[in-house]
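Okay, structure first, notes after.
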There are 2 protein chains.
Amino acid sequence: MTNIKHVATLAGVSASTVSRVLNGKSYVNETTRQKVMEAVQKTNYRPNVLAKSLKMGRSNTICLMVPSIQNLIFPEIARGVEDVARRNGFTVVLCNTDEDAAVEKAYIDKMKTRWIDGFVVCSNIGEADHIRALRVEGFPLVLVNRFEERDINVLDTVAVDSFQAAYDAVQYLVRTGHRRIALAYGREELYFYRERYRGYCQALSDAGLPYEEALVMRESSGVDSFYRLTQEVMRLPQPPDAIFTTSDPKAFVVMHALHDMGVRIPEDVSVLGFDNVSLSSMVEPPLSTVAQPLYDMGAVAAKNLIHQIRYKEKNGELPPPVRNVLGVDLIVRRSTR
Amino acid sequence: MTNIKHVATLAGVSASTVSRVLNGKSYVNETTRQKVMEAVQKTNYRPNVLAKSLKMGRSNTICLMVPSIQNLIFPEIARGVEDVARRNGFTVVLCNTDEDAAVEKAYIDKMKTRWIDGFVVCSNIGEADHIRALRVEGFPLVLVNRFEERDINVLDTVAVDSFQAAYDAVQYLVRTGHRRIALAYGREELYFYRERYRGYCQALSDAGLPYEEALVMRESSGVDSFYRLTQEVMRLPQPPDAIFTTSDPKAFVVMHALHDMGVRIPEDVSVLGFDNVSLSSMVEPPLSTVAQPLYDMGAVAAKNLIHQIRYKEKNGELPPPVRNVLGVDLIVRRSTR
DNA sequence: ATGAAAGCGCTAACAG
DNA sequence: CTGTTAGCGCTTTCAT
């Protein structure tokens, strides 16, 4: 690898001059600038980012922490993050945590020693104060999707309005004639699932429909538990005429169970999902769902993070936190009537 | 951030001694070792990886290059890579290339300036000599899934035996009574798709079945083109009684088209996929498929890469390339009879 | 406008 | 066994 000194001697100048022309921070005589550029070309010189980072205390690298990239929604988010990172000269390090606090902590620790510039995290942050601590320590941080109510406007967040989205979704179901709407609830420790639940309740109530505990399916052991829960709810004396699921993967399981029971979708019961994961259009029937702009969420998160990084560089402190709320789209396909 | 000097003065020794106890390369008096460890604890000292990398010419970071993490198979592979990387103290940088040679080159360039230790690449390497060049330049490199025949035993590779897997799959179809087996061919510029095609042809021929060009569906514009192709093939005077697809996403599209035509699966036609992507068990009917051990492929690739890195460190040169061939499993679900 | 020198934090000879 | 020194490649005062 050719270094700045080679270039300098080749151009007949000092290393500092080369640095100056490359970083354009200071004025340099046009003719020497030319000479330097020539030498750079000739040697195909690339500055050593490590050395630069060491010197500058900045690595142009950000860390993306997700529970698991195997979970359908995170590849989309990750792609959004990576695209804007790349366009801004940043590199992204991928960390799968499996929602294990120990792994998370170990990763954070490791990232700090690399002088990572900031963190985009989609973690289960309920108890995760080691994540919140990041901002206190001065690290740019943005939370995507997973955070608590108390984090809003305290930390930077990006998400959809889960309450409103669920409310609108259920209202749609009511408007299209459904009267007994079941809910496939997600893990209750996650704020956004609680919000979707609230939206469901509120929409029911505003429509004058009763809330029935028997109609809310509560996940016990992973998404697969909805297979059994679907069977149970459909065997009720008065089974539901629609099932609103708080995520697409749950909808897939529900549809599967329904199919195995010989229940027709949407003739006997409508199924409405949440997320619009890439495969939701491929199942049979194609799933109606509330589309979260996953890619955009990643992109917005990265933009916000990079803004924080630059702001901090300039002002020595983090900008005030901002809450990014993105809109959803109701995609009507063929699983609802 | 506390640095090695703080620790040194706190422990009343020199920086080199601290370095020595932390890296355990050289013997250190037990009592001074104690003192140092104490100081390390007290200050919660973490070595600055950047400085270390700069000094050592190694970053403990590897680069994972994929066309797009949004493509269903790459999250699994990525997870395999990341898990073994983490367990070995490596960090992974994620690069989505969209199979764009320019993006690939830019990434490689950038990675080199970070002194990345090695590359795991799942790229469209047909013409990509900038990838092959990596090994010539001394970079540890392993190719997953995508490579040409001429790369085998020249570069490190990991993949399944696509020919054999396809051969066995078609043989299974024949054994279960299918006589007119269509093939959903993939992009022909990819070696592994050509191999699957070869396996298909050979199995047909060995079973005494004729090869019919009309029965091979050739992708024109992305996976969606199989919707139309399926319609066409099913409208043939003698339609197929089975469709073997060279990837699961193609199978999903095929099934979709079949369903829309009112063709029953598997009663009228069996569908057999390839990959065993996580969603293949969730579609209706659950997809029978040739399971590639995607996670393991990633894990093996990372292991191989790390071995190369260590070998090179020790011997100053790369070890001879190895070809890793992993086994597949035929998963029979309900889309085949 | 440019060069010399110091230093980011660490490791590895080289002495002792 | 341990301290001193040099240097990885870069940026940034401070002189000139």
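Quick note on labels: first sequence line is chain A, next is B, and so on, each numbered from 1.
- Straight-line distance from the CD1 atom of A/I4 to the C1' atom of C/dA5: 15 Å, rounded to whole Å.
- Of the candidates C/dC8, D/dC8, C/dT11, C/dT11 carries the atom nearest the B/A15 side chain, counting heavy atoms from C-beta on.
- When heavy atoms are screened at a 4.0 angstrom cut-off, A/T32 is found touching the sugar-phosphate backbone but no base atom.
- One can place CG of B/L54 at 18 Å from P of D/dA6, the figure rounded to the nearest angstrom.
- With hydrogens and angles left out, the side-chain atoms of B/Y45 and B/N3 include no donor and acceptor closer than 3.5 Å.
- Using a 4.0 Å heavy-atom distance criterion, B/S16 is classed as a base contact.
- Mapping B/A51 and B/K25 onto DNA chain C by nearest heavy atom places B/A51 closer to the 5' end of the strand.
- Taking only side-chain nitrogens and oxygens, B/N23 comes nearer than 4.0 Å to OP1 or OP2 of C/dT11.
- Residue-to-nucleotide proximity on DNA chain D shows that, of A/T2 and B/Y27, the 5′-proximal contact is made by B/Y27.
- One can place CD of A/Q34 at 16 Å from C1' of C/dA1, the figure rounded to the nearest angstrom.
- Judged as a side-chain hydrogen bond (donor to acceptor under 3.5 Å, both in side chains), the pairs with a partner in residues 9-22 of chain B (not counting sequence neighbours) are, in order, B/S14-B/S16, B/S14-B/T17, B/S19-B/N23.
- For the 3.5 Å distance criterion, the side chains of B/E104 and B/S123 qualify, holding a donor opposite an acceptor.
- Atom CZ of A/R114 and atom C1' of C/dC10 are 15 Å apart (whole Å).
- As rounded to whole Å, 12 Å separates atom P of C/dC10 from atom CZ of B/R46.
- Side-chain atoms of B/K5 and base atoms of C/dG9 include no donor and acceptor less than 3.5 Å apart.
- Between A/R79 and B/D98, at least one side-chain nitrogen of the basic residue sits less than 4.0 Å from a carboxylate oxygen of the acidic one, meeting the salt-bridge criterion.
- Per the geometry, CG belonging to B/L50 stands 11 Å off P belonging to C/dG9, to the nearest Å.
- Interface remark: the A/R20 side chain does form a donor-acceptor pair with the C/dG3 base, using a distance-only criterion of under 3.5 Å.
- OP1 or OP2 of D/dG3 has at least one side-chain nitrogen or oxygen of B/T17 nearer than 4.0 Å.
- Looking at the side chain of B/S26, the nearest of the listed nucleotides C/dC8, D/dT2, C/dT11 is D/dT2.
- Between the C1' atom of C/dT11 and the CG atom of B/N3 lies a distance of 14 Å, rounded to the nearest Å.
- Distances shorter than 4.0 Å separate none of the side-chain N or O atoms of B/N48 from OP1 or OP2 on C/dG9.
- In this structure, B/K52 reaches the sugar-phosphate backbone alone: every heavy-atom distance under 4.0 Å involves primed, P, OP1 or OP2 atoms, never a base.
- By the side-chain contact (heavy atoms from CB on, under 4.5 Å) test, B/N60 pairs with B/R58, B/F90, B/D117, sequence neighbours left out.
- Checking B/S14 against A/S19, the closest nucleotide of DNA chain D that is more toward the 5' end is the one next to B/S14.
- Salt-bridge formation is not detected for the pair B/E82/B/R87: no Lys NZ or Arg NE/NH1/NH2 atom is positioned less than 4.0 Å from an Asp or Glu carboxylate oxygen.
- The nucleotide whose nearest atom lies closest to any side-chain atom of A/W115 is, among C/dC8, C/dC10, C/dA1, C/dC8.
- The separation between B/L22 atom CG and C/dG9 atom C1' is 13 Å, rounded to whole Å.
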